[in-house]
Amino acid sequence: MKERVIVIGGGLAGSEAAWRLANEGHRVILYEMRPKKMTPAHKTGNLAELVCSNTLGGLELTTGAGLLKAEMKMLGSLVIEAAQVARVPAGGALGVDRKIFSEYITEKIESHPNITVIREEVKDIPEDEVVVIATGPLTSDALSERIKELVGYDTLYFYDAIAPIVEAESVDFSKGFWGSRYGKGGEDYFNCVLTEEEYKVFYEELLKAEKVQPKDFEKAVHFEGCLPIEEMAERGYKTLLFGPMRPVGLIDPRTGKQPFAVVQLRKENKEGTLLSLVGFQTKLTYKEQKRVFRLIPCLRNAVFVRLGSMHRNTFIQSNKVLTSFLNLRKKENIFFAGQITGVEGYVASSATGIFAGINAGRLARGEKPVEAPEETMLGALVKYITTKEGELQPMNPVFGLLPPLEKRVRDKKKRKELMAERALKSMEEWIKEHELVKGELVRI
């Protein structure tokens, strides 16, 4: 029996971390407070309970979620194994029967000889042992306070205020110009220009658009410094013109005049392949976001890689406090995994659980932790959340995170196929180099 590791949180990430560690021979103590203490969203005491959608995203290797699932399967993912057992028809997505899915994972974890599940709330973090914190977006108040002490009070966030992100190549750059307000900061923003008539149409459709109804535990989300764009619009016709769509300090070089309104797009990654809509956090439904935001002239044909949202979600600024191994910079024995790290969605959460489990195990054995290759979706996602400049907002696995190919490929589908092929080859080499899987590798 190898050294023991403590895992706090029995969601997707915690289950994956515990499974990985236990299969490597570590004695794992897995803490889960449910059903003794429930969250506002969970309904059962099962491990890995799905509280939102019952799909784990697309299966195509040319989608971020599909590629990440393929990498997870190569790493022996329990979540992917359970999803295949509980699978239900969902078109091109991996849909599951929630009950079968969570019961399968619960049985696997509870019956593993190297795992002890303790059903109680953790209020303190043992700093002299190797620990994986995977408590998810609804971390209890007591543990949140303890995490604040570890990471710093200014690096723990309680609400997502997410603006949409689009693929840069889908933006019509003829409908605006690059530049910063008053010429400060260089050409950091692309300014989508709207005429008064275009603004009027956008404003009216924004007011009519369907909104997501908040859950009980999300009703306290709205705070004055970060309102949904549609709520700002409800305060009056000109409110947005003094807010995220203000043209002040911007001169269109094509006309020499200040536009009536602008929507600023900011580079989301160093390569500039992803652009976010500045100040466009929203509670519109996904369908309405695509319809209304495509009324902005430069976004008529926009491809959205992440849509906006505002909801309860405890997460840390991983780019300020975590290393590329997902452990704290100041306390290397404490790892984080799952949505609390700033990744978005079931698959990304699960994948970081596997990765944190790999490195927590290595540290417990006195070995050096390892970085995942940035050519893989796992590696690119971890690199993003741990190196993002400025404020971190939760991110899905998307192809825009991957480094470009050595040679430019114009055909988008072919480009993604080549990037996926490169990712899986890199993952296979990484697994073999560090002996992360026993036996033959399995691809999805």
Side-chain angles (χ1 to χ4, degrees), residues 7 9-20 22-23 30 32 34-35 38-112 115 117 134-138 212 215 285-286 306-307 309 311 313 337-340 343-357 377-378 381 394 396-398 420 442-444:
V7 178
L12 295 168
S15 295
E16 287 280 29
W19 186 251
R20 157 62 61 168
N23 285 336
L30 174 61
E32 169 54 55
R34 294 178 296 112
M38 299 296 288
T39 75
H42 289 85
K43 304 297 182 185
T44 76
N46 287 338
L47 302 176
E49 179 186 341
L50 303 182
V51 298
C52 294
S53 168
N54 73 321
T55 71
L56 277 68
L59 284 167
E60 292 290 332
L61 290 177
T62 50
T63 65
L67 177 56
L68 187 55
K69 281 195 283 291
E71 294 174 2
M72 289 168 61
K73 183 162 186 178
M74 292 171 73
L75 287 165
S77 167
L78 176 61
V79 164
I80 298 302
E81 179 183 319
Q84 291 174 331
V85 170
R87 189 171 182 180
V88 296
L94 180 55
V96 301
D97 179 302
R98 298 170 190 269
K99 185 171 182 289
I100 295 173
F101 175 82
S102 61
E103 286 180 348
Y104 182 89
I105 291 178
T106 302
E107 193 278 329
K108 283 284 187 178
I109 293 290
E110 291 185 337
S111 64
H112 198 295
I115 301 176
V117 179
T135 47
L138 296 172
V212 175
K215 300 179 177 66
T285 63
Y286 285 173
R306 185 186 75 185
L307 289 161
S309 68
H311 57 87
N313 182 12
Q339 279 189 257
I340 199 168
V343 296
E344 186 78 5
Y346 295 146
V347 177
S349 296
S350 305
T352 58
I354 298 173
F355 185 62
M377 188 57 70
L378 172 60
L381 189 61
N396 293 299
V398 295
V442 180
R443 291 196 179 188
I444 199 164

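Inter-residue side-chain proximity for Leu78 and Tyr104 is flagged as met; some heavy-atom pair is nearer than 4.5 Å. A heavy-atom distance below 4.5 Å is found between the side chains of Asn23 and His112. Residues Asp97 and Asn54 form no side-chain contact, since every pair of their non-hydrogen atoms from C-beta on lies 4.5 Å or further apart.
In plain terms, the two heavy atoms of Gly11 and Glu32 that are nearest each other are N-OE1, 4.2 Å. Looking at every heavy atom in both residues, Ser15 comes nearest to Ile109 through O-CD1, 3.7 Å. Scanning both residues, Val347 and Ala65, for their nearest heavy atoms gives CG1-O, 4.2 Å. The shortest non-hydrogen separation linking Glu344 to Pro394 is OE1-CB, 3.2 Å. The minimum heavy-atom distance between Arg34 and Glu49, with the atom names listed, is NH1-OE1, 3.4 Å. The heavy-atom pair separating Arg306 from Asn396 by the smallest distance is CG-ND2, 3.5 Å.
With Pro397 as reference, Leu68 is the one residue of Val343, Leu68, Leu67 to meet the side-chain contact (heavy atoms from CB on, under 4.5 Å) rule.
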*Are Thr39 and Val51 close enough, and set up right, to give a side-chain contact (heavy atoms from CB on, under 4.5 Å), and what steps lead you there?*
CA-CA 11 Å; Thr39 75; Val51 298; 5.9 Å; no

_Worked verdict on Val79 versus Phe101 for side-chain contact (heavy atoms from CB on, under 4.5 Å)_ = CA-CA 8 Å; Val79 164; Phe101 175 82; 4.0 Å; yes

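Side-chain N or O atoms of Lys69 include none that pairs as donor or acceptor with a backbone N or O of Leu94 at under 3.5 Å. Ser102 contributes no side-chain N or O that, together with a main-chain N or O of Ala48, makes up a donor-acceptor pair within less than 3.5 Å.
Residue-environment remark: CD (Glu60) stays at or below the threshold of 12 foreign heavy atoms within 6.0 Å.
Atom-to-atom distance recorded for Ser77:OG and Trp19:CH2 is 10.5 Å, nearest 0.5 angstrom. Considering CE of Met74 and CG of Leu378, their distance stands at 11.5 Å, rounded to 0.5 Å. With rounding to the nearest 0.5 angstrom, the CE atom of Met72 is 14.0 Å from the CZ atom of Phe355. We find the CD-CD1 distance between Glu16 and Ile354 to be 4.0 Å, quoted to the nearest 0.5 Å.
Listed by chain and residue number, Asn46, Leu47, Glu110, Arg119 satisfy the side-chain contact (heavy atoms from CB on, under 4.5 Å) test with Thr106 (two or more places apart in sequence, or in another chain).
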